Amino acid sequence: ENTKDSISMLSANCYSHTHIVGNMAAKLSSSMQSTSKDTSLRTKEGVASALAELRQLPILSVVEEKLYYRNQLIDWNAKALQMIESTTTTGKQQFQTLENLHTELTSTLEMAKCQNVKPNEYIEREVKWFVAEDVKLICPESGTWVRNQYKRGCDWRQNYFSIKSVLQPYGYNFGEISTSASAGIVSAIDVSRIKGLLVEHDTLASCFVEECNHLREIEKVVDDWAASVNQ
């Protein structure tokens with residue numbers, strides 16, 4: 001009789017646990033629809049509550065793993081939106097801050113997998129697909145903004161390094177720029193390219209303070225040389 005009661009209790013618990021997980025999975029799936037009226041699982045509080053409920057169960061589930069990543073994306077979106085707001089209220093932000101945000105988002109997308117569930121190729125693909133789609137739902141604007149600004153910043157920095165590599169043989173490094181220039185040195189410097197980079201820097205959301213100062217110093221040396229020649 002005790003065995004029968006135990007089996008009945010286990011069966012009832014199993015049904016209850018499966019029912020909770022199933023309902024949560026359906027709710028999460030519904031939250032991914034743009035027309036869904038229930039948006040509680042798109043909020044930090046809603047996701048935290050759902051995770052707390054699932055973690056009380058003696059079983060691990062894929063829906064819990066998905067909610068774990070949604071929670072990460074919600075946190076990431078808050079940080080990205082804060083940076084976007086800062087660029088409009090206080091001005092440019094350090095490129096390192098933008099780079100960290102981009103790295104964090106990329107890592108979440110690339111490393112998305114079941115943290116606690118036994119590895120399974122099908123489940124891994126399902127979680128990766130979910131995270132990729134969730135980025136479009138949770139942080140569509142901030143995700144696009146960070147990727148775009150990060151690429152622009154990387155391109156700008158690469159162009160700066162390109163100019164720097166040309167000037168290094170002449171000793172035009174940080175803090176080592178001479179106050180005079182020769183015709184040979186000036187001929188190696190594409191001033192229009194330097195001016196173009198400085199203008200482009202004004203349009204970036206991130207800033208490269210030392211690099212811009214370096215370019216301005218070089219620009220001044222060349223302009224002073226040109227002025228002296230034309231006298």
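Every value quoted in this text rests on a predicted model; they were computed, and no experiment measured them.
With values rounded to the nearest 0.5 angstrom, Glu65 atom CD is found 9.5 Å from Leu51 atom CG. Remark: Thr97 OG1 to Met83 CE distance equals 5.5 Å, nearest 0.5 Å.
Cluster membership for Leu137 and Val127, using ILVMFWY side-chain heavy atoms within less than 4.5 angstrom, is shared. Hydrophobic clustering (ILVMFWY, side-chain heavy atoms < 4.5 Å, transitive): Val199 and Leu215 are in distinct clusters. Leu109 is connected to Trp129 through a chain of hydrophobic side-chain contacts under 4.5 Å among Ile, Leu, Val, Met, Phe, Trp and Tyr, so both are in one cluster. Tracing side-chain contacts under 4.5 Å through hydrophobic residues (I, L, V, M, F, W, Y), one never reaches Phe161 starting from Val209; they form parts of separate clusters.
Counting non-hydrogen atoms of neighbouring residues, nucleotides and ligands closer than 6.0 angstrom, the CD atom of Gln82 reaches no more than 12 such neighbours.
Phe95 places a side-chain heavy atom less than 4.5 Å from the side chain of Cys154. Put simply, the side chain of Asn148 reaches to within 4.5 Å of the side chain of Arg152, judged on heavy atoms. Side chains of Asp38 and Ser31 form no contact here, defined as non-hydrogen atoms less than 4.5 Å apart. In this structure, Thr87 and Gln149 have side chains that are not in contact, with every pair of non-hydrogen atoms separated by 4.5 Å or more. At a threshold of 4.5 Å between non-hydrogen side-chain atoms, the residues Cys207 and Gln94 count as touching. Side chains of Leu28 and Phe130 form a contact here, defined as non-hydrogen atoms less than 4.5 Å apart. A 4.5 Å side-chain heavy-atom check between Arg147 and Leu105 finds at least one atom pair inside the cut-off.
Residues forming a side chain to side chain contact (heavy atoms under 4.5 Å, CB included) with Leu81 (at least two apart in sequence, or on another chain): Asn77, Ile84, Ser142. For Arg216, there are no side chain to side chain donor-acceptor pair (under 3.5 Å) partners two or more places apart in sequence or in a different chain. Taking the side chain to side chain donor-acceptor pair (under 3.5 Å) definition, one finds that Gln96 meets it with Asn100, sequence neighbours left out. With sequence neighbours excluded, the residues forming a side chain to side chain contact (heavy atoms under 4.5 Å, CB included) with Thr103 are Glu99, Ser107, listed by chain and number. Applying the side chain to side chain contact (heavy atoms under 4.5 Å, CB included) criterion to Gln33, with sequence neighbours excluded, gives Thr35, Ser36. Residues satisfying the side chain to side chain donor-acceptor pair (under 3.5 Å) criterion with Thr89, sequence neighbours excluded, are absent altogether. Residues forming a salt bridge (charged side-chain N to carboxylate O under 4.0 Å, His left out) with Arg42 (at least two apart in sequence, or on another chain): none. Remark: Asn159 pairs with Arg193, Leu197 by the side chain to side chain contact (heavy atoms under 4.5 Å, CB included) rule, at least two apart or across chains. In this structure, the salt bridge (charged side-chain N to carboxylate O under 4.0 Å, His left out) partners of Glu126, at least two apart in sequence or on a different chain, are Lys66. Applying the ring pair (Phe, Tyr, Trp, His ring centres under 6.0 Å) criterion to Trp156, with sequence neighbours excluded, gives His201, Phe208.
Listed by first then second residue, pairs satisfying salt bridge (Lys or Arg N to Asp or Glu O under 4.0 Å) with a partner in residues 51-60 read Arg55-Glu64, not counting sequence neighbours. Evaluation of the salt bridge (Lys or Arg N to Asp or Glu O under 4.0 Å) test over residues 70-97, restricted to residues two or more places apart or in two chains, returns Lys44-Asp75, Arg70-Asp134, Lys79-Glu104.
Listed here is the closest heavy atom pair of Leu67 and Ala50: CD1-CB, 3.8 Å. The two residues Ser165 and Ser162 come nearest to each other via the heavy atoms OG-O, 2.7 Å. Annotation for Leu41 and Gly46: closest pair CD2-O, 3.6 Å, computed over non-hydrogen atoms. Counting all heavy atoms, side chain and backbone alike, Ala25 lies closest to Val63 at CA-CG2, 3.7 Å. For the pair Leu101 and Trp76, the tightest heavy-atom approach, listed with the atom from each and the gap, is O-NE1, 2.9 Å.
Salt-bridge annotation for Lys136 and Glu133: present, with a side-chain N of the basic residue lying under 4.0 Å from a carboxylate O of the acidic one. Under a 4.0 Å N-O distance rule, the pair Glu124/Lys128 does not qualify as a salt bridge.
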Residue pair Tyr68, Gln72: steps toward the side chain to side chain donor-acceptor pair (under 3.5 Å) verdict:
CA-CA 7 Å; Tyr68 165 82; Gln72 282 196 328; 3.2 Å; yes

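Checked by atom type and distance alone, the side chain of Thr144 never pairs as donor or acceptor with a backbone atom of Glu141 at under 3.5 Å. No donor-acceptor pair closer than 3.5 Å links the side chain of Ser49 to the backbone N or O of Glu45.
Using bins of under 30°, 30° to 60° and over 60° for the plane-to-plane angle, the ring pair His214/Tyr160 lands in the perpendicular bin.
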